Amino acid sequence: MTQGLQSHAQKSSISSSRDTHCSRIRRQDTQIGTGMAHLLLAQTNDHILLNPNHRFGRAEGEVDTQVLGIEISRHHAVIVWTGEQWVLHDTSKNGVFVNQNRIVPEMDWVLSIGDVITFSELHPHSFIVSSLAPPE
């Protein structure tokens with residue numbers, strides 16, 4: 001296994017020091033292959049591989065990356081491959097932020113390498129867009 005990554009069988013949760021908000025992330029990581037789009041979890045350097053329709057939120061079993069916290073919606077956001085680019089769509093009540101700016105919920109945000117995504121103003125974890133390769 002690559003350093004800092006865990007297999008599907010070793011699904012883990014990431015806790016923060018902000019336990020008052022019960023903030024943590026559960027993820028299903030696999031090893032990074034060449035040409036695979038992924039996000040980097042800034043606090044741990046773990047990689048989150050992107051599916052062509054990658055869902056984030058609290059709803060266990062209904063999302064690809066589970067992000068827990070009282071400020072996180074059951075279905076908080078989705079990153080989608082459009083056939084030409086990766087776009088982020090806010091499906092939450094509390095907002096999604098790219099580079100500390102709240103994105104407009106009705107509009108797709110085209111992602112760029114280096115963008116920093118957070119899922120609310122209160123959530124302590126951030127994701128850095130580190131690869132935007134098309135899905136294999």
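Please read these numbers as outputs of a predicted model, since none were measured by experiment.
The hydrophobic clustering, which links ILVMFWY residues whose side-chain heavy atoms are closer than 4.5 Å, places I103 and I128 apart. Taking hydrophobic clusters as Ile, Leu, Val, Met, Phe, Trp and Tyr residues chained together by side-chain heavy-atom distances below 4.5 Å, I113 does not share a cluster with L40. Hydrophobic clustering (ILVMFWY, side-chain heavy atoms < 4.5 Å, transitive): I48 and L132 are in one cluster.
Closest of all the heavy-atom pairs between A37 and A133 is CB-O, 3.2 Å. Minimum heavy-atom separation, N94 to E71: ND2-O, 2.6 Å. Pairing each heavy atom of L88 with each of A77, the nearest pair is CD1-CB, 4.1 Å. Between S126 and V116, the shortest heavy-atom contact is CB-CG1, 3.8 Å. When all heavy atoms of S130 and H47 are compared, the closest pair comes out as OG-ND1, 4.4 Å. Heavy atoms only, all atoms of each residue included: I72 and V67 are closest at CG2-O, 3.2 Å.
A donor-acceptor pair under 3.5 Å is absent between the side-chain atoms of R55 and the main chain of V78, judged by distance alone. Within the 3.5 Å criterion, the main-chain N or O of S92 finds a donor-acceptor partner in the side chain of D90. Panel note: side chain D108, backbone V87; no donor-acceptor pair is recorded below 3.5 Å. When atom types are taken as modelled, the side chain of H54 and the backbone of H38 share no donor-acceptor pair closer than 3.5 angstrom. Between the S131 side chain and the M36 main chain, a donor and an acceptor come within less than 3.5 Å of each other. Looking at Q85, its side chain never comes within 3.5 Å of a backbone N or O of L111 through a donor-acceptor pair.
Rounding to the nearest 0.5 Å gives a distance of 11.0 Å between NE2 of H89 and CG of N53. Distance check, rounded to the nearest 0.5 Å: CZ of R58 to CD1 of I70 gives 9.5 Å. Here the NE2 atom belonging to H76 is positioned 13.5 Å from the CD atom belonging to Q66, to the nearest 0.5 angstrom.
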Would you sort out whether V63 and F56 count as a side-chain contact (heavy atoms from CB on, under 4.5 Å), showing the intermediate values?
CA-CA 5 Å; V63 296; F56 296 85; 5.9 Å; no

Should W109 and V104 be marked as a side-chain contact (heavy atoms from CB on, under 4.5 Å) after you check the CA-CA gap, both sets of side-chain angles, and the distance that decides it?
CA-CA 8 Å; W109 179 275; V104 178; over 6 Å; no

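Note on ring orientation: taking the six-membered ring where Trp is involved, the planes of W81 and W86 are tilted (angle from 30° to 60°).
Side-chain contact between I79 and I117 is present, with heavy atoms from C-beta onward closer than 4.5 Å.
Checked against a 6.0 Å centroid threshold, the rings of F119 and F97 do not count as neighbours. Ring pair H125/F127: centre-to-centre distance not below 6.0 Å.
For the residue pair H75 / T91, no side-chain donor-acceptor distance below 3.5 Å is found, with atom types taken as modelled.
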